[in-house]
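For reference, the structure is listed below as structure tokens.
On a predicted model such as this, the values are computed, not experimentally measured, just so you know. Every chain is numbered from 1, with letters handed out A, B, ... down the list of sequences.
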Amino acid sequence: MSAAKSSPIEVSTPEGVQLPIFMDNHSTTAVDLRVVHAMLPFFTNHYGNAASRNHSFGWTAEAAVENARGQIAALLGGDGKEIVFTSGATEANNLAIKGAASFLKKQGNHIITVETEHKSVLDTCKRLQREGFEVTYLTPAKDGLVTPEQIVAAMTDKTILVSVMLANNEIGVVQPVEAIGAAIKARNPKCLFHTDAVQGAGKIPFDVEKAKVDLASVTAHKMYGPKGIGALWVRRKPRVRIDPIIDGGGHERGMRSGTLPVPLIVGFGKAAELAKAEMADEAERLERLRTRLLKGITAKLSETYINGSMEHRLPGNLNISFAFVEGESLLMALKDVAVSSGSACTSASLEPSYVLRALGVGDELAHTSIRFGLGRFNTEAEVDFVIDVVTKSVERLRTLSPLWEMHQDGIDLNSIQWTPH
Amino acid sequence: MAYSEKVLDHYENPRNVGTFRDDNVDTSELGTGLVGAPACGDVMRLEIRVKDGMIADAKFKTFGCGSAIASSSLATEMIKGMTLDQAAQISNTTIVEELNLPPVKIHCSVLAEDAIKAAIEDYKKKHAK
Ligand SMILES: Cc1ncc(COP(=O)(O)O)c(C=O)c1O
């Protein structure tokens with residue numbers, strides 16, 4: 001037991017807890033050691049180019065890549081031949097949306113997506129708008145969900161692509177992709193359905209066949225694999241065609257040229273295999289930790305608000321607003337715990353989270369939001385420590401907050417003439 | 001982003017937190033500045049207690065990031081013992097320099113300057129005849 005030094009609050013670190021604690025598993029994850037071990041031989045021994053057809057170095061590399069395609073496809077419910085490796089999901093989302101739009105532009109110019117999508121989807125769509133495409137950005141309900149009916153209602157005869165994420169990176173809300181896929185295909189079988197499956201794949205059951213998706217983006221570093229490798233799953237039956245955005249040697253069936261990073265791909269494959277094998281147990285464990293975290297916090301603190309649906313949510317996600325305490329100041333207090341905030345002060349744009357805005361969360365609450373992302377390596381003892389620091393820090397910062405004082409005095413903060421700056 | 005030592009110090013040990021309301025002081029001696037907005041992510045309330053044209057004491061509460069808390073904490077230290085005119089002369093750049101604030105945090109120092117001016121204004125308004 002040791003007391004944190006130079007801290008205005010008293011917390012002790014329990015036995016077995018190592019600081020700092022990483023509880024930001026939506027931003028990235030640690031690479032599982034089993035993944036590292038699978039990768040290592042491919043840096044130094046089997047370093048061949050998977051495209052070399054004339055020697056054993058190339059064959060070994062190619063076999064490893066093919067094996068990884070199979071592992072990743074098995075996680076998604078597809079076939080290894082449908083995997084197109086990319087540098088990550090940002091590129092996979094760009095390729096899916098720009099590639100489909102470019103290939104289908106004679107068929108139509110309308111794309112549908114949702115306001116809470118990742119920036120790599122939204123900004124790609126914005127660029128396409130400048131090139132003459134029309135994009136509908138659907139607003140989710142207060143709980144973060146969009147409905148199949150909402151999507152079908154937005155579809156026109158010009159709609160070529162619908163892009164809806166599997167699970168959100170800030171609030172963990174899981175969209176009903178199976179119902180959405182069925183509804184899109186019932187309205188127009190030719191309209192493509194893309195899902196950014198980054199946060200959900202390997203965490204919750206997801207199957208490209210059941211969801212009737214044509215294109216699915218995934219990335220290794222959110223599932224305990226290495227950074228810098230992702231994939232776009234592209235349906236072969238019936239065959240989905242997209243234009244490449246990177247030209248070159250014609251790798252990946254012409255959809256993504258460039259020498260394959262074999263060690264990263266091997267790691268991605270191993271990570272996918274582990275995620276599939278351990279998903280059910282891990283989801284249960286994470287949900288138990290999440291419940292413990294939520295109960296521990298709300299037992300001690302009033303005026304906390306959960307952002308997004310609790311029912312349709314990734315097991316490891318918790319997004320809470322601590323009213324009257326600005327998010328960045330709370331992150332500063334939680335210096336031994338890595339989490340993130342929807343506060344403007346933590347974003348480059350100086351705007352509070354656009355995801356929370358889309359849900360209709362007021363800016364004053366968005367500024368006070370904290371995202372906890374529990375993952376494979378978090379323990380119960382860590383959760384208990386986090387509960388302790390969070391509650392004590394919020395209590396301390398509330399004693400500094402004029403808004404908390406006014407609230408305690410029964411003053412309606414909306415009745416005050418504020419001076420926005 | 002790393003915080004400067006001084007910001008950390010004021011954030012962890014803020015000076016002069018509170019309100020004079022709790023101290024039963026003669027309210028005619030007080031001036032209050034409430035600036036910022038919850039929707040913008042920062043609100044400062046600065047109270048001054050004035051005796052013989054001098055700021056005898058100051059207190060604050062702030063909702064905002066660490067730099068905002070530090071800026072207002074520092075502001076209370078700076079203005080104590082100043083005349084109203086001296087305090088009104090304080091510019092945000094002094095706070096920026098003192099706390100080593102990075103460019104993205106300059107608005108916190110501006111808010112602290114505004115809070116000082118608003119508190120003085122409030123006091124003067126009470127005493128204008
Ligand atoms: C939902 C979602 N989509 C896409 C990405 C981008 O993935 P990558 O970091 O592999 O480019 C992320 C991660 O930042 C994400 O959370």
Interface moiety of [X] toward chain B, non-hydrogen atoms closer than 4.5 Å:
{"X": "Thr368(A)", "answer": "side chain"}
{"X": "Leu413(A)", "answer": "neither"}
{"X": "Ala366(A)", "answer": "neither"}

*Of the listed residues (Ile416(A), Leu330(A), Asp409(A)), which shares the most heavy-atom pairs with chain B below a 4.5 Å separation?*
Asp409(A)
_Which residues share a ring pair (Phe, Tyr, Trp, His ring centres under 6.0 Å) with Phe377(A), sequence neighbours left out_ =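 With neighbours one apart ignored, the set is Tyr224(A).
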*Exercise: identify the closest heavy-atom pair between Glu12(B) and Arg396(A)*: O-NH1, 3.8 Å
*asked:* So which atom in Tyr11(B) and which in Ser329(A) form the shortest heavy-atom distance, rounded to 0.1 Å?
replied: OH-O, 2.6 Å
*So which residues of residues 31-45 of chain B are in contact with chain A at a heavy-atom cut-off of under 4.5 Å?*
Leu34(B), Val35(B), Gly36(B), Ala37(B), Pro38(B), Ala39(B), Cys40(B), Gly41(B), Asp42(B), Val43(B), Arg45(B)
*asked:* Are there residues of residues 58-72 of chain B whose heavy atoms fall under 4.5 Å of chain A's heavy atoms? If so, which?
replied: Lys61(B), Thr62(B), Phe63(B), Gly64(B), Cys65(B), Gly66(B), Ile69(B)
Take atom [atom1] of [X] as the centre, draw a 6.0 Å sphere, and report whether it contains more than 12 heavy atoms from other residues, nucleotides or ligands.
{"X": "Lys126(A)", "atom1": "NZ", "result": "yes"}
{"X": "Glu121(B)", "atom1": "CD", "result": "no"}
{"X": "Lys142(A)", "atom1": "NZ", "result": "no"}

*Compare all side-chain heavy atoms of Leu8(B) with those of Lys335(A) and state whether any distance is below 4.5 angstrom.*
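Result no, sub-4.5 Å side-chain heavy-atom pair not found.
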*Any side-chain hydrogen bond (donor to acceptor under 3.5 Å, both in side chains) pairs touching residues 93-102 of chain B, not counting sequence neighbours?*
Ser91(B)-Thr93(B)
